[in-house]
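We count residues from 1, following the sequence as given. Atom set for the values below is all heavy atoms of this structure, side chains included, hydrogens, waters and symmetry mates excluded.
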Amino acid sequence: MTQPIILPLVAMVFLTIIVAIVMYRRRVSYMKAERIHPQKVHSRKGGLEHFVDTRASDNYMNLFELPVLFYAAVFTIMLTNNSSDLMVALAWAFVAFRVAHSFIHCTYNKVMHRFTSFILSFITLTALWLVLASNLILGTQL
């Protein structure tokens with residue numbers, strides 16, 4: 001039987017895949033429209049020189065920053081068989097805030113909206129780690 005804590009992890013993986021597809025589609029269509037040779041964007045610097053819209057690629061990079069701690073938490077929860085309803089709820093809340101962050105970042109990109117979803121995901125992830133640490137170190141079950 002699948003542990004419920006794995007489902008938010010799967011959702012984050014699919015969010016990353018969706019953003020990668022959006023990034024790919026935007027880049028390829030822009031390169032075709034502007035007749036940019038692929039070699040001109042062989043590096044991040046080259047991409048910044050030629051692409052006017054880097055929202056999806058910037059968001060894609062963001063999905064390999066803070067979420068890494070989320071993945072580590074979920075794997076730790078699973079390996080230690082330490083899951084609880086609270087942890088699953090916090091994991092889903094983190095995913096929801098990251099979906100909002102990605103949507104805002106890849107669409108209208110209003111910085112304060114994006115920052116709000118980021119900070120809420122950060123607070124949620126911190127709470128998840130505090131509950132996990134409490135369970136592991138103190139032997140409590142929150």
**Heavy-atom side-chain proximity of Leu9 to Met12 below 4.5 angstrom** = no
**Fill in**
In short, ring pair (Phe, Tyr, Trp, His ring centres under 6.0 Å) pairs touching residues 114-136 with sequence neighbours left out are none
**Distance, nearest 0.5 Å, that separates CG of Leu132 from CD1 of Ile137** = 8.5 Å
**Complete:** Contacts of Ile123 meeting side-chain contact (heavy atoms from CB on, under 4.5 Å) (sequence neighbours excluded), chain-then-number -> Ile119
**Item:** Atom of Thr124, atom of Leu90 and distance for their closest heavy-atom approach
**Value:** CG2-O, 3.1 Å
**Fill in**
Arg114 meets the side-chain hydrogen bond (donor to acceptor under 3.5 Å, both in side chains) criterion, sequence neighbours left out, with Asn109
**Prompt:** So if you build clusters from Ile, Leu, Val, Met, Phe, Trp, Tyr with side-chain heavy-atom gaps below 4.5 Å, do Leu125 and Met78 land together?
**Reply:** yes
**Message:** Test your reading of the model: is there a side-chain donor-acceptor pair from Asp53 to the backbone of Arg55, 3.5 Å cut-off?
**Reply:** yes
**Item:** Co-members of Phe103 in a cluster of I, L, V, M, F, W and Y side chains, linked at under 4.5 Å
**Value:** Ile104, Tyr108
**Prompt:** In chain order, what residues pass the ring-ring contact (aromatic ring centres under 6.0 Å, His included) check against Tyr60, with sequence neighbours excluded?
**Reply:** Phe64
**Prompt:** Should Leu7 and Trp92 count as side-chain neighbours, where that means a heavy-atom distance under 4.5 Å?
**Reply:** yes
**Asked** Looking only at heavy atoms, which two atoms of Asn62 and Arg98 are closest? And how far apart?
**Response** O-NH2, 3.6 Å
**Request:** Could you go through the side chain to side chain contact (heavy atoms under 4.5 Å, CB included) check for Leu136 and Thr80 one step at a time?
**Result:** CA-CA 8 Å; Leu136 295 174; Thr80 61; 3.8 Å; yes
**Prompt:** Is Tyr30 linked to Tyr24 within one hydrophobic cluster, defined over Ile, Leu, Val, Met, Phe, Trp and Tyr using a side-chain heavy-atom separation of less than 4.5 Å?
**Reply:** no
**Asked** With the 4.5 Å side-chain cut-off for hydrophobic clustering, are Ile18 and Phe97 part of the same group?
**Response** no
**Asked** Who passes ring-ring contact (aromatic ring centres under 6.0 Å, His included) against Phe70, sequence neighbours left out?
**Response** Phe94
**Asked** Quick one: NZ on Lys110 to CE on Met112, what's the gap to the nearest 0.5 Å?
**Response** 9.5 Å
**Request:** Mind checking the CD1-OG spacing from Ile77 to Ser84? Nearest 0.5 Å is all I need.
**Result:** 7.5 Å
**Asked** Does the pair Val22 and Asn59 meet the rule for a side chain to side chain contact (heavy atoms under 4.5 Å, CB included), with working shown?
**Response** CA-CA 10 Å; Val22 169; Asn59 186 254; over 6 Å; no
**Asked** Got a donor-acceptor contact below 3.5 angstrom from the Thr54 side chain to the Ser57 backbone?
**Response** no
**Message:** Could you walk me through whether Ser134 and Val131 satisfy the side chain to side chain contact (heavy atoms under 4.5 Å, CB included) test, starting with their C-alpha distance in whole Å, then the side-chain angles of each, then the deciding distance to 0.1 Å, before giving a yes or no?
**Reply:** CA-CA 5 Å; Ser134 171; Val131 170; 5.7 Å; no
**Request:** Mind listing the closest non-hydrogen atom pair of Ile5 and Val74 along with its distance?
**Result:** O-CG1, 3.7 Å
**Request:** For residues Val95 and Pro8, report the shortest heavy-atom separation together with the two atoms involved.
**Result:** CG2-O, 3.4 Å
**Request:** Any chance you could measure Ile21, atom CD1, to Thr16, atom OG1, to the nearest 0.5 Å?
**Result:** 11.0 Å
**Minimum side-chain heavy-atom gap His101-Ser121 below 4.5 Å** = no
**Message:** Between His105 and Val19, is the side chain to side chain contact (heavy atoms under 4.5 Å, CB included) condition met? List the steps.
**Reply:** CA-CA 10 Å; His105 203 174; Val19 171; over 6 Å; no
**Item:** Nearest-0.5 Å distance, SG of residue Cys106 to CE of residue Met23
**Value:** 9.5 Å
